[in-house]
There are 2 protein chains.
Amino acid sequence: MNFEEGLKQNGLKITPQRVAILKEIQRRGHATIEEIYEDILKEYPSISLATIYKNIISLCEADLVKEVKVSLQKQRYEINCGEHAHIVCTECGKLEDIEFGMESFYHNAMITRYIQPSFVSMTIYGKCNQCLKE
Amino acid sequence: MNFEEGLKQNGLKITPQRVAILKEIQRRGHATIEEIYEDILKEYPSISLATIYKNIISLCEADLVKEVKVSLQKQRYEINCGEHAHIVCTECGKLEDIEFGMESFYHNAMITRYIQPSFVSMTIYGKCNQCLKE
DNA sequence: CTACATGCAAATTTTTTGCATTACA
DNA sequence: TGTAATGCAAAAAATTTGCATGTAG
């Protein structure tokens, strides 16, 4: 994904901080605020936590970044690039992406990487009838 | 669900605070910490926020209560009674339960209550191969 | 140039902890 | 009666805000 392009298309200025945040999220796959901050600090000692927070909000609003909420874990963020499911280890917390196909994901989860998926969390987002009317 | 029984089976003492928390979560369906606290305060002016937090942890560990994480919303809690999916309005934030059947949920979501589900979030929990070995 | 973004410090909000007291079993 | 739970106050962690300064376009 071209970050500069994505920022421009959403009316967000291309700043080195923003690009660094996006790169860091991409590098990690799924990053917490703290992880993003700590890592960017190394090459960018002046960056502020407030900048991370403010940008995460802008980037989520622009749909360049998506929240990943996992049970018992801190909120994470990922680059928004195509729908996929997540697979989480209930022991070590490892979080991975997995192809999102209605028929295949159970199979995929069981055979290739995890055994005995114990619980599936699914949430569907959309406009409810009432909000559609308004 | 019989709350007293559930508590007993998990070695948790039956206190009026605990029962009030469970009842409040059940009444609301999906409640935030703040909602639970505010409502219980009315009939229980001495209850402490710390008690709510401590109990939510115990109740989740005992699997009597489950976290519900929804994008852009505060964490909520629900009584753990059978697997189901969630359906969330992206406009007003309304959160509802929906039957969890692989083939039927899209249909269910579209026809009965929501139109044009715009995004599905799915997370599968289970032990990864590495953790199974250990 | 001008509007938006950054960084700092302070303020808020959220969650956790320690400890004395209370109450369930 | 002993152990676990409660409630308070204080501490720690997470997030937000205001404002002066800097910078991308």
Side-chain angles (χ1 to χ4, degrees), chain A residues 2-25 30-62 64-65 67-77, chain B residues 2-25 30-62 64-65 67-77:
Chain A
N2 184 343
F3 296 141
E4 272 85 356
E5 199 51 44
L7 291 170
K8 203 178 294 180
Q9 283 172 7
N10 284 280
L12 296 172
K13 288 186 175 162
I14 299 170
T15 68
Q17 290 89 336
R18 257 173 202 158
V19 175
I21 290 170
L22 288 166
K23 276 190 185 162
E24 184 54 31
I25 295 174
H30 317 86
T32 64
I33 294 281
E34 203 54 27
E35 286 169 347
I36 297 168
Y37 179 57
E38 296 297 345
D39 283 336
I40 295 184
L41 258 191
K42 289 170 193 162
E43 52 166 322
Y44 233 99
S46 73
I47 201 168
S48 146
L49 238 192
T51 299
I52 310 281
Y53 276 107
K54 286 170 185 167
N55 274 309
I56 284 291
I57 294 170
S58 317
L59 295 172
C60 282
E61 281 172 357
L64 295 173
V65 163
E67 287 180 352
V68 182
K69 298 203 173 196
V70 166
S71 204
L72 305 177
Q73 294 193 12
K74 278 195 195 168
Q75 184 133 323
R76 293 173 177 279
Y77 299 90
Chain B
N2 184 341
F3 296 143
E4 273 84 355
E5 199 51 44
L7 291 171
K8 202 178 296 180
Q9 283 172 6
N10 285 279
L12 296 173
K13 288 185 177 167
I14 299 169
T15 68
Q17 292 90 336
R18 256 175 204 158
V19 175
I21 291 170
L22 287 167
K23 276 190 184 162
E24 185 54 31
I25 294 174
H30 316 86
T32 64
I33 294 281
E34 202 56 27
E35 287 169 347
I36 297 168
Y37 179 58
E38 296 296 345
D39 284 335
I40 295 182
L41 258 190
K42 289 170 193 161
E43 52 167 323
Y44 234 98
S46 72
I47 201 169
S48 146
L49 238 191
T51 299
I52 311 281
Y53 276 107
K54 286 171 184 167
N55 273 309
I56 284 291
I57 293 171
S58 316
L59 295 171
C60 284
E61 281 172 356
L64 296 173
V65 164
E67 287 182 351
V68 182
K69 298 203 174 195
V70 167
S71 205
L72 305 176
Q73 295 193 12
K74 279 192 196 168
Q75 184 134 322
R76 294 174 176 279
Y77 298 90

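Just so it is clear, the model here is predicted, and its values are computed rather than measured.
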Distance col, row L64(B):CG vs I56(B):CD1, nearest 0.5 angstrom, shows 10.5 Å

Looking at CD1 of I14(A) and NZ of K8(A), how far apart are the two atoms once the value is rounded to the nearest 0.5 Å? 5.0 Å

Separation of dA5(C) P from I40(A) CD1 (nearest whole Å): 16 Å

dist I40(A):CD1 -> I47(A):CD1 (nearest 0.5 Å) comes out at 4.5 Å

Rounding to an integer number of Å, can you tell me how far Q73(B) CD sits from dT14(C) P? 15 Å

Indicate yes or no: does R76(A) engage E67(A) in a salt bridge with an N to O separation below 4.0 Å. no

May I have the distance from K74(A) (atom NZ) to dT15(C) (atom C1'), rounded to whole angstrom? 12 Å

Distance, rounded to the nearest Å, where E61(B) contributes CD and dA4(D) contributes P: 14 Å

Return the OG to CZ distance between S58(B) and R18(B), rounded to the nearest 0.5 Å. 5.0 Å

Could you check L12(A) against L59(A) for side chain to side chain contact (heavy atoms under 4.5 Å, CB included), going step by step and ending with a plain yes or no? CA-CA 9 Å; L12(A) 296 172; L59(A) 295 172; 4.3 Å; yes

When rounded to whole Å, the CD1 to P distance for the pair I21(A) and dA5(C) reads 12 Å

Verdict with reasoning, V65(A) to I21(A), per side chain to side chain contact (heavy atoms under 4.5 Å, CB included): CA-CA 10 Å; V65(A) 163; I21(A) 290 170; over 6 Å; no

Among residues 41-59 of chain A, which residues get a heavy atom nearer than 4.0 Å to DNA chain C? S46(A), I47(A), S48(A), A50(A), T51(A), K54(A), N55(A)

Atom CD of E34(A) to atom P of dT15(D): distance rounded to whole Å? 9 Å

Pick out the pairs of N or O atoms, protein on one side and nucleotides 21-25 of chain C on the other, that lie under 3.5 Å.
from: dC24(C); atom 1: O2; to: K13(B); atom 2: NZ; distance (Å): 3.4
from: dA25(C); atom 1: OP1; to: I14(B); atom 2: N; distance (Å): 2.9

From CG (D39(B)) to CD1 (I36(B)), nearest 0.5 Å: 9.0 Å

Step-by-step side chain to side chain contact (heavy atoms under 4.5 Å, CB included) determination, H30(A) to Y77(A): CA-CA 5 Å; H30(A) 317 86; Y77(A) 299 90; over 6 Å; no

How many Å lie between CG on L7(B) and P on dT6(D), as a whole number? 10 Å

Distance, rounded to the nearest Å, where I36(B) contributes CD1 and dT14(C) contributes P: 14 Å

